[in-house]
**Student:** 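Let me begin by handing over the structure; questions about it come next.
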Amino acid sequence: MKIFSGIQPTGKMHIGNYLGAIKQWVEFQQTDDCMFCVVDLHALTIPQNPNALRKAVAEKVIELLSVGVDPAKSILFVQSHVKEHTELAWMLSTLTSMGELERMTQYKEKARKNKANQNAGLLTYPVLMAADILLYQTEGVPVGKDQGQHLEITRDIAKRFNARFGKTFVEPKTLFPKAGAKVLSLKDPKKKMSKSDDPESYIALFDEPEAIRKKIMSAVTDTGKEIRYNPERKPGISNLLLIYSLMNGKSIAELERQFKTKGYAALKKSLAEILIETLEPFRRKQKELQSRELYIQEILKQGAKKASSLAEITMKEVRKRMGLLGNE
Ligand code: TYM
């Protein structure tokens, strides 16, 4: 299957990103045709410091390599290095209605949070995302729950284009993980874990052991003492059990049994050690890659080259179908 997925360069990569998306990326690349993209153009919809953004893109690439994205198996590249993303986004925007963009939950949230900067890019964000995906004839998109609506609009746009101009795009499937599609905040387990929230609310993949211990020990739990998985009534403990289970492979039922009589503190202590242990190889790899700037540049150069040649095939077709006069 042709797989495409993306991640924003800004903010720290956290266990929500990992368990909801990146862990699947690493699994898919063993068997499928994968492309992974650092979406720097999407990041511009929030005001960025140019130097900080440049640095964040390079750091995100290192983070992805550190957790197992393998450039020998997947195409890893930066969105702005392949100009066809913006070209296709423009074309698709002419097939997208204002109303459907205004209904997007993430747009509404971001517009509310960024009252001083309600730029048009915030609204057209999903069109650029549809372009990212459709450009490569993608069949499957591994993402967390929060991206589900953006995948729906991507399919709608593809359908509309195909109906109007003839079959050009594949309608991609959304690939949620079996569990972990929505990892919750440690401080407010009613909300998703988010990198734009307070760092105490998430475990970053490259957090130092002391920070991990501190954050897990102070994670918000529920009233009572019972260790039971019940996302409705006990969202805090259920979230910790889910993270524990996904990080070390034990089933939730097994964990409930193991900690039944031991209480919240014992569960938290044990979870912190599991996280420290499983994330340690990522931290080690990250430190090693931080000094290999030329190697990273070469990966991105190769990635952009491979992605561009695939993108060009689709764009030639799209330009022709939409009636643009070619000049080859
Ligand atoms: P981004 O950068 O916010 O997140 C990257 C991936 O992590 C998932 N994720 C989560 N999964 C579970 N629990 C959470 N708490 C959690 N938080 C984040 C996201 O669902 C995502 O899969 N718009 C996208 C980036 C993008 C993209 C694309 C993705 C741009 N173009 C094309 C797929 C295909 C975004 O902002 O992801």
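For ligands, and for the atoms within them, numbers begin at 1 and follow the listed sequence.
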**Student:** What do you reckon, are the aromatic ring centroids of H85 and Y136 less than 6.0 Å apart?
**Tutor:**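 Ring centres of Y136 and H85 closer than 6.0 Å.
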**Student:** Name the orientation class of the two ring planes belonging to F161 and F169 (parallel below 30°, tilted from 30 to 60°, perpendicular beyond 60°).
**Tutor:** perpendicular
**Student:** Yes or no on ring-ring contact (aromatic ring centres under 6.0 Å, His included) for F36 and F4, after CA distance, side-chain angles and deciding distance?
**Tutor:** CA-CA 6 Å; F36 302 120; F4 180 98; 8.1 Å; no
**Student:** For ligand 1, what are the residues with a heavy-atom contact below 4.0 Å?
**Tutor:**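 These residues qualify: F4, S5, G6, I7, Q8, H14, G16, N17, G20, A21, V39, H42, Y125, M129, D132, I133, V141, V143, G144, D146, Q147, G180, A181, K182, V183, K192, M193, K195.
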**Student:** Does the structure place the NZ or CZ of K145 under 6.0 Å from the centre of the six-membered ring of F176, at an angle of no more than 45° from the ring's axis?
**Tutor:**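 Yes, cation above the ring, under 6.0 Å and within 45°.
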**Student:** Mind checking what makes ring pair (Phe, Tyr, Trp, His ring centres under 6.0 Å) contact with F259, not counting sequence neighbours?
**Tutor:**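 Scan of F259 (ring pair (Phe, Tyr, Trp, His ring centres under 6.0 Å), adjacent residues dropped) gives Y244.
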**Student:** Within 45° of the axis and under 6.0 Å from the centre of the six-membered ring of Y202, does NZ or CZ of K215 qualify?
**Tutor:** yes
